[in-house]
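Notes to accompany the following structure.
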Amino acid sequence: RLIKDNHEVTILTRSLKGTKGSSPGISYLEGDPTKKGPWQEAIKNHDAVINLAGASIFSKWTEEHKKAIRESRVNTTQNIVEGIPSRPEGPFTLFSTSAVGYYGFCGDEELVEDSPPGNDFLARIAKEWEGEALKAKDKGARVVITRFGIVMGEKGGALGQMIPLFKKYIGGPIGSGRQWFSWVHIKDLAEAFAFLLKHPEILGPVNVCSPNPVRNKDLAKALGKALHKPSFMPAPGFMIKLVLGEFGSVILEGQKVI
């Protein structure tokens with residue numbers, strides 16, 4: 001999507017294996033963003049950094065995994081900010097990913113960018129993560145905090161977790177099914193970044209999600225219809241908590257983000 005707008009894109013990757021034969025306008029840089037390294041030097045040759053790094057939250061949260069969730073986000077952001085030149089020659093933008101989990105669990109309340117943060121594990125991580133990104137303002141950078149809804153797309157993400165269940169005829173509402181599900185399609189997500197790059201006047205937090213959050217039961221019904229599978233088999237809340245532990249609350253409670 002960015003190449004379509006004639007941007008030149010460098011992808012930071014832990015391994016260059018399998019990167020040959022890429023599209024014109026795309027180059028690859030090897031490096032681990034959670035660790036300091038020569039990759040930080042490359043930042044000064046760019047107009048913007050889009051930071052998407054972070055260990056997946058879609059699993060049971062052991063103490064070890066919670067540590068990985070935090071460090072993969074906070075350490076990466078610290079290292080990127082360290083690499084931003086103090087006085088960039090031209091305008092420089094840091095797009096730092098955050099999540100609608102920033103707001104915590106607020107029932108049916110509509111949440112907008114200036115709504116206060118929650119106090120659960122994900123909300124505290126998001127607040128700390130955003131705080132590290134905002135330090136780039138001290139270097140003269142424009143900072144945009146993109147708070148993602150749950151990303152939907154053909155290759156993985158939330159749908160990668162849900163579709164196999166429906167195909168086995170065990171898909172359906174989770175818990176009460178009344179919890180809100182704030183989502184964004186991956187193509188709209190790419191479009192949002194293209195839009196934000198064209199509008200340098202936009203600063204601070206931006207909720208990147210569909211204008212139409214849905215209740216979990218309605219999402220299940222839509223998925224069942226698309227897959228031609230039944231969608232009435234509810235997953236009891238106690239089972240979700242048993243299997244997923246603390247992460248189960250994220251699935252069972254959600255938030256209505258606008």
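The residues of the chain are indexed from 1 along the displayed sequence.
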### Query
Under the salt bridge (charged side-chain N to carboxylate O under 4.0 Å, His left out) test, which residues partner Glu30, sequence neighbours left out?
none
### Message
For a 4.5 angstrom cut-off between non-hydrogen side-chain atoms, does Leu111 reach Val100?
### Response
no
### Query
How about Leu203 and Val143: do any of their side-chain heavy atoms sit closer than 4.5 Å?
no
### Query
Heavy atoms, side chains only, cut-off 4.5 Å: are Val206 and Leu196 in contact?
yes
### Message
Can you list everything that forms a side chain to side chain donor-acceptor pair (under 3.5 Å) with Thr62? Sequence neighbours excluded, please.
### Response
none
### Query
Considering residues at least two apart in sequence or located in another chain, which fulfil the salt bridge (charged side-chain N to carboxylate O under 4.0 Å, His left out) criterion with Glu253?
none
### Query
Testing Thr97, Leu12, Thr34 for side chain to side chain contact (heavy atoms under 4.5 Å, CB included) with Thr76, which one passes?
Thr34
### Query
Measuring from Ser98:OG to Arg73:CZ, what's the distance to the nearest 0.5 Å?
9.0 Å
### Taking every non-hydrogen atom, the tightest pair across Pro33 and Gly31
CD-O, 3.5 Å
### Message
Contact between Leu29 and Thr13 at the side-chain level, heavy atoms closer than 4.5 Å - yes or no?
### Response
no
### Task
Could you check if a side-chain atom of Phe148 sits within less than 4.5 angstrom of a side-chain atom of Leu189, using non-hydrogen atoms only?
yes
### Message
Main chain of Glu110, side chain of Lys256: is a donor-acceptor contact present, judged purely on distance under 3.5 Å?
### Response
no
### Message
Going by side chain to side chain contact (heavy atoms under 4.5 Å, CB included), Gln78 matches just one of Val74, Ile80, Val81. Which one?
### Response
Val74
### Query
Are the side chain of Gln255 and the backbone N or O of Gly104 linked by a donor-acceptor pair below 3.5 Å?
yes
## Note on the structure
The reported gap from OG1 in Thr93 to CG in Leu197 (rounded to nearest 0.5 angstrom) is 7.0 Å
### Query
Side chain of Asn212, backbone of Val214: donor and acceptor closer than 3.5 Å?
no
### Query
Step by step, would you call Val49 with Ile43 a side-chain contact (heavy atoms from CB on, under 4.5 Å)?
CA-CA 7 Å; Val49 169; Ile43 291 175; 4.1 Å; yes
### Message
Taking Gly149's backbone N and O only, do any of them form a donor-acceptor pair with Ser182's side chain (distance below 3.5 Å, no angle check)?
### Response
no
### Query
Step by step, would you call Glu191 with Arg1 a salt bridge (Lys or Arg N to Asp or Glu O under 4.0 Å)?
CA-CA 7 Å; Glu191 206 62 51; Arg1 178 62 190 85; 2.7 Å; yes
### Message
Checking side-chain polar atoms at under 3.5 Å, does Ser210 have a donor or acceptor matched by the opposite partner on Asp188?
### Response
no
### Query
Side chains of Ile174 and Lys217: closer than 4.5 Å at any heavy-atom pair?
no
### Within residues 116-131 or reaching into it, pairs that qualify as salt bridge (charged side-chain N to carboxylate O under 4.0 Å, His left out) - sequence neighbours excluded
Arg70-Glu128, Glu130-Arg147
### Distance (rounded to the nearest 0.5 Å) between Ser96 OG and Leu134 CG
8.0 Å
### Query
Pairs in or reaching into residues 119-142: which pass ring-ring contact (aromatic ring centres under 6.0 Å, His included), with residues at least two apart or in two chains?
Trp61-Phe121
### Summary
Value for OG (Ser56) from CD1 (Ile69), rounded to nearest 0.5 Å, stands at 7.5 Å
### Task
Could you tell me whether a side-chain N or O of His46 sits under 3.5 Å from a main-chain N or O of Ala42, the two making a donor and an acceptor?
yes
### Test side chain to side chain donor-acceptor pair (under 3.5 Å) applied to Asn216 - qualifying residues, sequence neighbours left out
none
### Query
Going through the checks in order, is the side-chain contact (heavy atoms from CB on, under 4.5 Å) test met by Arg142 and Leu94?
CA-CA 6 Å; Arg142 165 196 175 210; Leu94 170 60; over 6 Å; no
### Task
Report the residues that fulfil salt bridge (charged side-chain N to carboxylate O under 4.0 Å, His left out) with Lys60, sequence neighbours left out, ordered by chain and then residue number.
none
### Query
Can you list the residues that meet the ring-ring contact (aromatic ring centres under 6.0 Å, His included) rule with Phe95, with sequence neighbours excluded?
Phe193
### Task
Applying salt bridge (Lys or Arg N to Asp or Glu O under 4.0 Å), run through Arg178 and Asp218 and close with a yes or a no.
CA-CA 9 Å; Arg178 289 188 49 75; Asp218 297 323; over 6 Å; no
### Summary
In this structure, CD1 of Ile84 is separated from NZ of Lys137 (nearest 0.5 Å) by 13.0 Å
## Note on the structure
Rounding to 0.5 Å, atoms OG (Ser249) and CG (Leu122) come to a distance of 10.0 Å
### Query
What pairs with Glu64 under side chain to side chain donor-acceptor pair (under 3.5 Å), at least two apart in sequence or on another chain?
none
### Task
Heavy atoms only: give me the nearest Gly25-Ile3 pair and the separation to one decimal.
O-CD1, 3.4 Å
### Ile125/Lys66 under side-chain contact (heavy atoms from CB on, under 4.5 Å): CA gap, chis, key distance, verdict
CA-CA 10 Å; Ile125 294 289; Lys66 283 168 80 170; over 6 Å; no
### Task
For Trp183, enumerate each residue passing the ring-ring contact (aromatic ring centres under 6.0 Å, His included) test, keeping only those at least two apart in sequence or located in another chain.
none
### Query
Under 4.5 Å between side-chain heavy atoms, hopping through other hydrophobics if needed: is there a path connecting Val151 to Leu2?
yes
### Query
Among Tyr103, Tyr102, Phe181, whose side chain to side chain contact (heavy atoms under 4.5 Å, CB included) with Val257 holds?
Tyr103
### Task
Starting from the C-alpha separation in whole Å, work towards a yes-or-no answer on side-chain contact (heavy atoms from CB on, under 4.5 Å) for Ile258 and Asn207.
CA-CA 7 Å; Ile258 305 302; Asn207 289 337; 5.6 Å; no
### Query
Is it true that Val250 and Ile150 fall in one hydrophobic cluster, defined by side-chain heavy atoms closer than 4.5 Å?
yes
### Query
What about Val144 and Val9, same hydrophobic cluster or not, with Ile/Leu/Val/Met/Phe/Trp/Tyr joined at side-chain heavy-atom distances under 4.5 Å?
yes
### Task
Answer yes or no: does atom CD1 of Ile186 have more than 12 heavy-atom neighbours from other residues, nucleotides or ligands under 6.0 Å?
no
### Message
Checking His185 now: which residues fulfil side chain to side chain donor-acceptor pair (under 3.5 Å) with it, not counting sequence neighbours?
### Response
none
### side-chain contact (heavy atoms from CB on, under 4.5 Å) against Lys36, all qualifying residues, sequence neighbours excluded
Gln40, Asn79, Glu82
